[in-house]
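Here the structure comes first, spelled out in structure tokens, and everything after it is commentary.
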Amino acid sequence: MRQVEDAEVLQAELRRLVQADVPGPDLITTAAGFDVAYDTDSDLVAGAVVVLAAPGWEVIASATVVGRAAFSYIPGLLSFRELPPLLEAWETVLPQLAAPPDLLVCDGHGIAHPRGFGLACHLGVTLDLPTIGVAKTQFVGEHSPPGPRRGERTAITLDGEPVGAALRTRDGVREVYVSVGHRTNLDSACRWVLELCPRYRLPETTRAADQLSRRTLAEARTASR
DNA sequence: GCGACAG
DNA sequence: ATCTTGTCGC
């Protein structure tokens with residue numbers, strides 16, 4: 001399909017813009033979470049962006065969008081499916097803020113991707129803001145299991161190169177997979193993920209965005225009946 | 001060719 | 001991603 005070929009070409013071009021080993025902000029005061037929910041039996045989608053503030057990570061701003069999926073799920077091209085609704089929601093949430101969030105957290109991978117350009121990279125390059133990917137499952141590369149305690153981590157390597165980390169965010173829970181999206185580095189990314197996980201396995205940003213997108217989709221389904 | 005494959 | 005709350009077990 002032409003759509004797929006075009007996406008692959010664009011992906012290769014945008015990939016050169018990624019900054020994956022630069023110092024990011026030291027202190028994170030605000031962080032944004034992004035997620036998209038999908039309907040089981042239609043192409044209805046709901047995207048959500050939430051902005052949380054330290055120290056309690058309470059939601060200080062949010063936006064949602066309901067639309068139709070324009071790109072099917074293809075491993076390695078997830079960003080082309082999720083970015084449109086996420087950017088639309090972003091444009092709504094940004095005016096609510098005095099300043100852009102210090103960090104953008106994506107549901108999925110950054111450079112830990114077959115061609116080094118996952119969703120977190122695509123979002124980061126598009127908005128030119130610091131982004132990281134926090135995925136619930138592994139996608140590419142190899143890693144040994146991290147120790148059982150919160151904060152322990154091991155490297156994810158792809159073709160011998162470090163591309164991310166398997167990070168334990170709570171004692172005894174399954175690890176999450178962290179990788180840089182844009183304008184930061186892996187050490188900072190892991191540090192921020194731990195800050196964003198004071199109580200659960202997943203970052204508060206991810207949890208809030210996930211809840212909001214799902215609730216929005218459920219309401220949209222009800223309204224269309 | 002076969003199997004795997006973020007969300 | 002999605003079907004889904006309380007409940008069994010460490």
Side-chain angles (χ1 to χ4, degrees), chain A residues 3-4 7-8 11 14-15 18 20 33-50 64-89 104-126 131-143 148-149 156-159 163-182 186 189 193 201-203 205-222 224:
Chain A
Q3 189 183 37
V4 170
E8 287 169 344
Q11 187 174 66
L14 293 177
R15 178 192 183 179
V18 171
F34 294 73
D35 198 17
V36 181
Y38 301 89
D39 192 12
T40 306
D41 39 38
S42 82
D43 57 355
L44 202 63
V45 303
V49 177
V50 296
T64 61
V65 57
V66 173
R68 304 275 167 184
F71 203 105
S72 59
Y73 172 67
I74 299 168
L77 295 177
L78 173 66
S79 65
F80 292 88
R81 176 170 169 83
E82 302 216 329
L83 218 52
L86 293 180
L87 290 177
E88 198 177 322
L104 277 42
V105 182
C106 289
D107 222 330
H109 293 90
I111 65 172
H113 174 279
R115 296 174 295 280
F117 197 75
L119 172 61
C121 300
H122 202 155
L123 182 69
V125 165
T126 300
T131 62
I132 63 174
V134 180
K136 295 178 286 297
T137 62
Q138 195 275 347
F139 187 23
V140 295
E142 299 87 39
H143 68 91
R149 297 303 181 184
I156 298 172
T157 59
L158 180 61
D159 301 324
V163 296
L167 176 67
R168 192 88 59 196
T169 55
R170 303 295 299 167
D171 289 357
V173 304
R174 192 158 71 82
E175 65 263 36
V176 299
Y177 304 91
V178 180
S179 60
V180 169
H182 186 51
L186 186 58
V193 170
R201 173 188 176 230
L202 296 177
T205 41
T206 301
R207 291 166 42 77
D210 181 73
Q211 278 183 26
L212 182 56
S213 64
R214 282 206 255 196
R215 185 168 64 74
T216 302
L217 180 66
E219 289 168 357
R221 275 186 313 215
T222 301
S224 70

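Order of the sequence lines fixes the chain letters, A, B, ..., with proteins taken first and strands second; residue numbering starts at 1 for each chain. All values below were derived from every heavy atom in this structure, side-chain atoms included, with hydrogens, water molecules and symmetry-related copies excluded. Note that the structure is predicted; figures quoted are calculated from it, not measured.
One finds the CD1 atom of A:Ile74 at 8.0 Å from the CD atom of A:Glu8 (value rounded to the nearest 0.5 Å). The CD atom of A:Gln138 sits 6.0 Å away from the NE2 atom of A:His109 when rounded to the nearest 0.5 Å. One finds the CZ atom of A:Arg201 at 7.5 Å from the CD atom of A:Glu175 (value rounded to the nearest 0.5 Å). To the nearest 0.5 Å, atoms CZ (A:Arg215) and CG (A:Asp210) are separated by 12.5 Å. How far CZ of A:Arg221 is from CG of A:Leu44: 8.0 Å, rounded to the nearest 0.5 Å. Rounding to the nearest 0.5 Å gives a distance of 7.5 Å between CG of A:Leu86 and CG of A:Asp35.
Distance alone, capped at 3.5 Å, places no donor-acceptor pair between the A:Gln11 side chain and the A:Ser79 backbone. Between the side chain of A:Thr131 and the backbone N or O of A:Ala120 there is at least one donor-acceptor pair closer than 3.5 Å. At distances below 3.5 Å, not a single donor-acceptor pair connects side-chain atoms of A:Arg174 with backbone N or O atoms of A:Thr137.
Atom CG of A:Asp43 and atom P of C:dA1 are 19 Å apart (whole Å).
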Any protein N or O atoms within reach of nucleotides 5-7 of chain C? Criterion: under 3.5 Å, listing atom names and distances.
none

If you restrict it to nitrogen or oxygen atoms, what contacts under 3.5 Å exist between nucleotides 3-7 of chain B and the protein, and what is each distance?
unit_1	atom_1	unit_2	atom_2	d
B:dA6	OP2	A:Tyr73	OH	2.6
B:dA6	O4'	A:His109	ND1	3.4
B:dA6	O3'	A:Thr137	OG1	3.4
B:dA6	N7	A:Gly76	N	3.3
B:dA6	N6	A:Gly76	O	3.4
B:dA6	N6	A:Leu77	N	3.4
B:dA6	N6	A:Leu78	N	3.2
B:dA6	N6	A:His113	NE2	3.4
B:dA6	N1	A:Leu119	N	3.1
B:dA6	N3	A:His109	N	3.2
B:dG7	OP1	A:Lys136	N	3.0
B:dG7	OP2	A:Thr137	OG1	2.9

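Residues from residues 205-219 of chain A with heavy atoms under 4.0 angstrom of DNA chain B: there are none.
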Next item on the list: Kindly indicate, with the supporting measurements, whether the criterion side-chain contact (heavy atoms from CB on, under 4.5 Å) is fulfilled by A:Leu123 and A:Leu87.
Entry: CA-CA 8 Å; A:Leu123 182 69; A:Leu87 290 177; 3.9 Å; yes
